[in-house]
Peer 1: 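Okay, handing you the structure first.
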Amino acid sequence: AARGAADRRRRARRGSGRVAPRADGPEGGVPMVARADTKNFRKELMRSEQYFKFGKTQMQKAMDNLKNISGSELVAEIRKNNFRLTIGDVTFVLAESHGFCWGVERSVSMAYEARNFFPEKQIWGTNEIIHNPVVNKNLNDLGIKFVETDVNGAKDFSVVREGDVVLLPAFGASVDEMALLKERKVHIVDTTCPWVAKVWNSVEKSKEKGHTSIIHGKFDHEETVATKSFAEKYVVVKNMEEAEYVAEYILRGGCREEFMHKFAQAVSPDFDPDADLVKVGVANQTTMLKGETELIGKLFERVMIKKFGPQDIKEHYVSFNTICDATQERQNAMYKMFDAEYEAPSSKLYTELEGEQIGIELQSAKHQERLSSRAKEDETRGAAQAGTEPSSSSSSGRVDLCLVVGGFNSSNTSHLLEIAEEEGVPAFHVDREARLGGASGSANTIQHKPLGTQPSEAMAERGLVVSEPFLPPSGRHVVIGVTSGASTPDSITGACLQRILAIRGLAGQ
């Protein structure tokens, strides 16, 4: 008993040193968890009474209930007809992987179940639950509120009170926000996607080995904000160009001031590119393009081989597979729908290093087991069935245009639009059915977000474009490719397709 009491005192002393105040947060500062202790902090939080977990049966019921409100009979019919369906003079070709991924479906189900389980409690989200305005509004209508941010992006947690229920969104929350919620003594419902949590675990493993995390992502994206909070040292690279810049710096050095200016908002506090890039590990924002993430991982492994030799590579580079299966599946389905093949990005530096290192096997090129989102999605939606028409990948007719449905601030949806434009297919990104058909709902017009418009601008109803007409004249057959982002329920996609039928005078068919 005495030893147990002593252990508890030691744990209490350690715990009191893990969290320190930070001056830039609301109400005296968001606590800051010591970056060396984030793994233990999160583990203890998940074991606490504040961290609420739904049972397996309860979760299955919640997932089943969500299907009733997020499904679409029209989308289900297209899916069951080999992803291709003709109605009148319109043929819809549906991407074979589309819409809600399993992680998002799980997250939204948990949000609805939290409302059912805590009917009298005030429920907050640390952010939008997912990047879809319609879904978030539906939750808001149920009394679930989202913590607001000021003009500088700082969140105002002063509204969150002891005893409230707080949802961590699908893309996670920073470990510092978790510490704040622990202090506020709220009930935490963690809807973080398991794929995102997998990235966090990889960052933790890099940190344990003394490696700096190179994160392929957007430094201000909510998921990357959460991910980098688990790293002690990190640099965020958004694309191959930035990755090559960092790689060149590792190999040949450079101007430290230029490096710090370029990555001013994308590195950890007190980052030193001359000291902190000797040992690295690569992780990613789960919604980034798969091919680019894979090449970035291989690039840095080859860089460390050249710098330190293949015999010492394990001391200087650690490889993890943190690519989201759902993102990959949706991108692959787009290329298949266009009867095209994915062209992997290139890197001059990588090609040069590869030529020098012939015969050296890369850790990052080895096949690693992936969680399968596709299998789980087929369980909930049903797998495709042979229909009366050719499959969506048939080359019997290239699509005339493509409808991309998803939130304007959804990164993975934007990447789907990129693919359509890359293949030369006219594409229209909409977030809801009201963007089609004008005021009457049946005019040949569409309001959409071009790829060049920033998400923040589009969310504020700025930078949107109206195309009129966007469909060919009635009587002329049109083949419309259809896809939707991983945060988009089939109900929204189906409503958009019904608008197209209305525009063609085919409503009700």
Side-chain angles (χ1 to χ4, degrees), residues 54 59 62-63 65-67 69-72 97-115 123-149 155 165-174 177 188-197 199 217-218 220-227 285-288 324-327 329-330 373 376-377 380-381 404-416 429-432 449 455-456 458-459 483-493 495-496:
F54 295 123
M59 273 303 303
M63 297 279 277
N65 288 338
L66 181 64
K67 283 191 289 184
I69 59 177
S70 66
S72 161
S97 184
H98 61 273
F100 268 178
C101 64
W102 175 76
V104 163
E105 195 169 22
R106 172 183 175 274
S107 180
V108 177
S109 296
M110 291 178 76
Y112 276 102
E113 186 60 22
R115 178 74 288 170
I123 301 180
W124 297 93
T126 61
N127 212 313
E128 296 178 330
I129 198 73
I130 60 174
H131 285 154
N132 188 284
V134 177
V135 172
N136 292 319
K137 181 182 183 303
N138 290 342
L139 292 172
N140 199 248
D141 290 343
L142 294 175
I144 297 176
K145 300 179 181 179
F146 302 110
V147 174
E148 295 184 356
T149 58
K155 296 180 185 178
V165 176
V166 179
L167 307 175
L168 307 187
F171 36 77
S174 74
E177 290 180 356
I188 297 172
V189 177
D190 186 359
T191 82
T192 304
C193 172
W195 273 256
V196 174
V199 177
K218 301 171 183 177
D220 57 351
H221 187 281
E222 297 92 330
E223 182 186 326
T224 298
V225 169
T227 295
Q285 181 182 311
T286 59
T287 56
M288 301 303 284
C324 175
D325 173 80
T327 300
E329 289 283 354
R330 277 149 189 75
S373 178
K376 291 183 176 293
E377 291 162 22
T380 58
R381 296 182 185 174
V404 180
V405 186
F408 289 152
N409 58 341
S410 167
S411 179
N412 73 86
T413 305
S414 294
H415 286 314
L416 297 178
H429 179 185
V430 300
D431 61 347
R432 65 194 79 182
K449 174 191 173 295
S456 58
M459 294 294 288
T483 190
S484 51
S487 297
T488 306
D490 285 351
S491 55
I492 297 177
T493 303
C496 290

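Remember, it's a predicted structure, so these values are computed and weren't measured experimentally.
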Peer 1: What heavy-atom pair brings Asn140 and Lys145 nearest, and what distance separates the two atoms?
Peer 2: ND2-CA, 3.8 Å

Peer 1: Are the side chains of Trp124 and Leu167 in touch, meaning some heavy atoms are under 4.5 Å apart?
Peer 2: no

Peer 1: Taking the side chain from Arg330 and the backbone from Ala326, do they hold a donor-acceptor pair closer than 3.5 Å?
Peer 2: yes

Peer 1: Has the side chain of Ser484 got a donor or acceptor atom that lies under 3.5 Å from a matching backbone atom of Gly99?
Peer 2: yes

Peer 1: Closer than 3.5 angstrom, by distance alone: can the side chain of Asn412 be matched with the main-chain N or O of Ala486 as a donor-acceptor pair?
Peer 2: yes

Peer 1: So, does Asn136 use its side chain to make a donor-acceptor pair with the main chain of Ile130 at under 3.5 Å?
Peer 2: yes

Peer 1: What is the minimum heavy-atom distance between Gly217 and Gln285, and which atoms define it?
Peer 2: CA-OE1, 3.6 Å

Peer 1: Is Asp190 reaching over with its side chain to a backbone N or O of Leu168, donor-acceptor style, under 3.5 angstrom?
Peer 2: no

Peer 1: Nearest heavy-atom pair of Cys193 and Gly103: which atoms, and what distance?
Peer 2: SG-CA, 3.9 Å

Peer 1: Quick one: which residue pairs count as a salt bridge (charged side-chain N to carboxylate O under 4.0 Å, His left out) with a foot in residues 405-415, not counting sequence neighbours?
Peer 2: none

Peer 1: Hey, what do you get for CD (Glu329) to NE2 (His98), rounding to the nearest 0.5 Å?
Peer 2: 12.5 Å

Peer 1: Under 3.5 Å, is there a donor on one side chain and an acceptor on the other for Glu223 and Thr286?
Peer 2: yes

Peer 1: With sequence neighbours left out, what residues match Thr413 under side chain to side chain contact (heavy atoms under 4.5 Å, CB included)?
Peer 2: Val404, Ser410, His429

Peer 1: Tell me, do Pro489 and Phe100 make a side-chain contact under 4.5 Å, heavy atoms counted?
Peer 2: yes

Peer 1: Suppose we screen for side chain to side chain contact (heavy atoms under 4.5 Å, CB included). Which residues come up paired with Val225, at least two apart in sequence or across chains?
Peer 2: Lys228

Peer 1: Which heavy atom of Ile492 sits nearest to which heavy atom of Val405, and what is that distance?
Peer 2: CG2-CG1, 3.9 Å

Peer 1: Taking salt bridge (Lys or Arg N to Asp or Glu O under 4.0 Å) as the definition, give me every residue that meets it alongside Glu177, ordered by chain and number, with sequence neighbours left out.
Peer 2: Lys155

Peer 1: Any heavy-atom pair between the side chains of Met63 and Tyr112 that's under 4.5 Å?
Peer 2: no

Peer 1: Can you tell me how far the OG1 atom of Thr493 sits from the CZ atom of Arg432, to the nearest 0.5 Å?
Peer 2: 13.5 Å

Peer 1: Any heavy-atom pair between the side chains of Thr192 and Pro169 that's under 4.5 Å?
Peer 2: no

Peer 1: Can you give me the closest heavy-atom contact between His415 and Thr287, atom names plus distance?
Peer 2: CD2-O, 3.0 Å

Peer 1: Name all residues meeting the side chain to side chain contact (heavy atoms under 4.5 Å, CB included) criterion together with Glu222; count only those two or more places apart in sequence or in a different chain, and write none if there are none.
Peer 2: Asn127, His131, Phe171

Peer 1: Could you tell me which residues satisfy side chain to side chain contact (heavy atoms under 4.5 Å, CB included) with Ala62, sequence neighbours excluded, listed by chain and number?
Peer 2: Ser109, Glu113

